[in-house]
Amino acid sequence: MTSQLLRSPKLLTPGEGKSFQMANLTFTLKLGQDNTQSEWVMHEITGTTDNGAPLHSHPWAETFYVLEGEVEVQVANRKALAIPGTMMYVPENVAHSFRICSPTTRMLEIIPTFAAGFYREAGEKAPSLPADLDAFLAVCEKHHVRLF
């Protein structure tokens, strides 16, 4: 097994980092492409009950790790209640969703750098749903995100 060293040391506490809203969730950049040889980025995602992501797929793999709270997750046809310590890996183009079940939740998301543009653009154009639904759908189409 190989390990990858960060280009520059990084120490961030909960809530620290540049944040943006997307679809009723708060995304905080914890580790950006500058520290990962432009390979991946890590967001901390926080949200409240009944918020999350509808069933969708996209052309990149994604990993989630639940830090706090409870999240109902679906990957393909498998559903589970994710509690702290649960990891969810989603290969590219596999349908998945999540819904926050606890009053609040906090989880980490790791995505490839090329996918970060979707999150930035969706955050700029669709910070809340359903108010920004048309803008969100346009960003999804541009980045090949399919909603089911």
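All residue numbers in this chain count up from 1 along the given sequence.
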Task: Side-chain touch Ser19/Thr26, heavy atoms, less than 4.5 angstrom - done: yes
Open item on the list: Working note: Phe98 + Met107, criterion side chain to side chain contact (heavy atoms under 4.5 Å, CB included); need CA distance, chi angles, decisive distance, verdict.
Closed with: CA-CA 11 Å; Phe98 70 88; Met107 57 187 178; 3.3 Å; yes
- [ ] Indicate the atoms forming the closest heavy-atom contact of Ala53 with Ser97, along with that distance.
- [x] O-CB, 3.2 Å
- [ ] Hey, could you give me the CG/CG distance between Leu55 and Leu147, rounded to the nearest 0.5 Å?
- [x] 9.0 Å
TODO: Go through the steps for Leu67 and Leu108 under the test side chain to side chain contact (heavy atoms under 4.5 Å, CB included), then give the verdict.
DONE: CA-CA 7 Å; Leu67 298 168; Leu108 297 176; 3.7 Å; yes
TODO: Look up atom CD in Glu70 and atom CD1 in Ile83, then write down how far apart they are to the nearest 0.5 Å.
DONE: 7.0 Å
Open item on the list: Between His56 and His96 (judged by ring centroids, cut-off 6.0 Å), do the two rings come close enough to count as a pair?
Closed with: yes
- [ ] Output yes when a side-chain donor or acceptor of Thr113 lies under 3.5 Å from a complementary backbone atom of Ser38, and no otherwise.
- [x] yes
Open item on the list: Just verifying a value: how many Å separate Ser128 OG and Leu133 CG, rounded to the nearest 0.5 Å?
Closed with: 10.5 Å
TODO: Could you pull out the closest heavy-atom pair between Ser102 and Thr49, with the gap in Å?
DONE: O-OG1, 2.7 Å
TODO: Working to the nearest 0.5 Å, report the span between CZ of Phe118 and CD1 of Ile111.
DONE: 9.5 Å
- [ ] Could you walk me through whether Tyr119 and Glu109 pass side-chain hydrogen bond (donor to acceptor under 3.5 Å, both in side chains), step by step?
- [x] CA-CA 11 Å; Tyr119 295 85; Glu109 172 202 48; 3.0 Å; yes
TODO: Report yes if the side chains of Pro130 and Phe136 come closer than 4.5 Å at any heavy-atom pair, otherwise no.
DONE: no
- [ ] Consider only side-chain heavy atoms of I, L, V, M, F, W and Y, link residues closer than 4.5 Å, and tell whether Leu137 and Val139 are in one cluster.
- [x] yes
- [ ] If the plane angle is over 60° it's perpendicular, under 30° parallel, otherwise tilted; pick one for Phe114 and Trp60.
- [x] perpendicular
Open item on the list: Tell me whether the rings of Phe20 and His43 are parallel (<30°), tilted (30 to 60°) or perpendicular (>60°).
Closed with: perpendicular
Open item on the list: Under the criterion side chain to side chain contact (heavy atoms under 4.5 Å, CB included), I'd like the reasoning laid out for Leu31 against Val41: C-alpha separation, chi angles, the key distance, then a yes or no.
Closed with: CA-CA 5 Å; Leu31 199 56; Val41 300; over 6 Å; no
TODO: Kindly give the heavy-atom pair with the smallest separation between Ala82 and Val66, and that separation in Å.
DONE: CB-CG2, 3.8 Å
Open item on the list: Minimum heavy-atom separation for Pro84 and Gly69, please, with both atom names.
Closed with: CD-O, 3.2 Å
Open item on the list: If the threshold is 4.0 Å, N to carboxylate O, is there a salt bridge linking Asp132 and Lys125?
Closed with: no
Task: Glu141, CD atom: more than 12 neighbouring heavy atoms under 6.0 Å - done: no
Open item on the list: Return the CG to CG distance between Asp50 and Asn24, rounded to the nearest 0.5 Å.
Closed with: 11.0 Å
Task: Distance in Å, Arg120 CZ paired with His143 NE2, rounded so as to fall on 0.5 Å steps - done: 9.0 Å
TODO: Would you confirm whether Thr63, through its side chain, and Tyr89, through its main-chain N or O, come within 3.5 Å as a donor-acceptor pair?
DONE: no
Open item on the list: Under 4.0 Å between a side-chain nitrogen and a carboxylate oxygen: does that hold for Arg106 and Glu44?
Closed with: yes
Task: Closest non-hydrogen atom pair, Asn93 against Pro59 - done: OD1-CA, 3.5 Å
Open item on the list: I want to check something: taking the side chain as every heavy atom from C-beta on, are Val75 and Met88 in contact at a cut-off of under 4.5 Å?
Closed with: yes
Open item on the list: Under the criterion salt bridge (charged side-chain N to carboxylate O under 4.0 Å, His left out), I'd like the reasoning laid out for Glu72 against Lys79: C-alpha separation, chi angles, the key distance, then a yes or no.
Closed with: CA-CA 7 Å; Glu72 180 182 84; Lys79 292 183 180 181; over 6 Å; no
TODO: Tell me, with the steps shown, if Leu81 and Cys101 meet side chain to side chain contact (heavy atoms under 4.5 Å, CB included).
DONE: CA-CA 9 Å; Leu81 182 64; Cys101 300; 4.0 Å; yes
